[in-house]
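This report concerns only the one structure given below.
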Amino acid sequence: MTVGIVVVSHSSKIAEGAVELAAQMAPDVDLVAAGGTEDDRIGTSLEKVLAAVEQSLVDSGGDGVVVLTDLGSAVMTAESAMEFASDPDAVLLADAPLVEGLVAAAVAAQGGAGVEDVRRAAESVAFGSVPAGVGGPEIPDDKDEPDASGDFELINPLGMHARPAAKIAGGLSGLDTEVTVNGADGMSIMALMALAAGKGSSLHVEARGKDALKAVEYVGRLVEEGFGEL
């Protein structure tokens, strides 16, 4: 079981599309779309959202549910659904941009994070563009040498786009280490994507902590395999 995620949007197509995107990076996470009204018009439906929350509560097996929304009234609908839920304490609302927050939350859930950490992952994504390193670990000064490091050249055609970033962040989330990639937080999808590293770019990976060597080797292996895209 993993933490469940419910996507509330004024548009059923937006909710379903966001879920489809996140599912590519977090195939084991229960993602439920709750978009549009009961008759599929633009708007939100308390009944539809409540049904999605209840379904997610069951499917998550008690691990909890995180809800993400798009526009203002969707927040109110989600809050109402949470009040009526069978286990309201297990349902958390994330204040995060829908698509970016959903991807970050889904990857965190895929890595086994608890409900509070999944919400924090979503909310760590700033609204708008995310500069490299935002929300990442504090970068030590030059005297604090990493426990392991490596340099790897991107060989996949599209470089550091969403799927490779999700694979790096998702795998590192289960290790006892702090990792930076070209100075950005290695466990932040958005920070990795913000590097805008294309094919032929070099990734400098530094890791500190118990699993530092495993972390560097993991990133290196992904890069050398072209993230499965070759």
Side-chain angles (χ1 to χ4, degrees), residues 2-7 14 17-31 66-70 92 94-139 152 154 156-175 177-199 201 203-207 211 214-216 218-223 225-229:
T2 62
V3 171
I5 301 175
V6 173
V7 177
I14 288 177
V19 163
E20 182 181 11
L21 173 65
Q24 298 298 310
M25 306 171 209
D28 300 321
V29 177
D30 173 53
L31 302 163
V66 173
V67 181
L68 290 101
T69 63
D70 56 5
L92 303 182
D95 181 15
L98 183 62
V99 176
E100 295 92 338
L102 172 61
V103 171
V107 170
Q110 178 74 25
V115 65
E116 289 281 1
D117 287 334
V118 170
R119 178 172 67 173
R120 276 194 289 268
E123 293 181 343
S124 71
V125 179
F127 284 90
S129 60
V130 181
V134 166
E138 182 179 348
I139 306 301
F152 310 99
L154 290 170
N156 58 311
L158 297 179
M160 187 59 65
H161 60 96
R163 187 171 298 171
K167 286 188 175 182
I168 291 175
L172 293 179
S173 66
L175 300 179
T177 184
E178 287 188 348
V179 183
T180 60
V181 179
N182 290 2
D185 181 4
M187 299 184 195
S188 168
I189 298 172
M190 302 309 296
L192 290 171
M193 290 175 61
L195 293 173
K199 181 180 180 181
S201 298
L203 299 184
H204 178 66
V205 182
E206 293 188 356
D211 295 328
K214 288 182 181 180
V216 173
Y218 172 74
V219 176
R221 184 166 61 252
L222 286 177
V223 174
E225 292 174 351
F227 299 95
E229 297 177 354

Residues in side chain to side chain contact (heavy atoms under 4.5 Å, CB included) contact with [X], at least two apart in sequence or another chain:
X    : result
A22  : L31, L102, A106
L158 : H161
V115 : V3, V66, L92
D70  : S9, H10, A74, L98

With side chains defined as the heavy atoms from C-beta onward, is the minimum distance between [X] and [Y] less than 4.5 Å?
X    : Y    : value
I168 : F227 : yes
F152 : L222 : no
V107 : M187 : no
L203 : N182 : yes
E229 : P164 : yes

Partner set under salt bridge (Lys or Arg N to Asp or Glu O under 4.0 Å) for R120, not counting sequence neighbours: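 Partners of R120 by the salt bridge (Lys or Arg N to Asp or Glu O under 4.0 Å) criterion, ordered by chain and then number, come out as D117.
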
Please confirm whether the backbone N or O of G159 pairs with a side-chain atom of N156, one donor and one acceptor, at under 3.5 Å? yes

Compare every heavy atom of [Y] with every heavy atom of [X], then report the nearest pair and how far apart it is.
X    : Y    : value
A184 : L195 : CB-CD2, 3.9 Å
A169 : S188 : CB-N, 4.2 Å
M25  : P27  : C-CD, 3.6 Å
G101 : L68  : C-CD2, 3.6 Å
A215 : T177 : CB-CG2, 3.8 Å

List the residues meeting side-chain hydrogen bond (donor to acceptor under 3.5 Å, both in side chains) with Q110, not counting sequence neighbours, and say none if there are none.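 Applying side-chain hydrogen bond (donor to acceptor under 3.5 Å, both in side chains) to Q110 gives D28.
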
Residue list, side-chain hydrogen bond (donor to acceptor under 3.5 Å, both in side chains) with E116, at least two apart or on another chain: R119

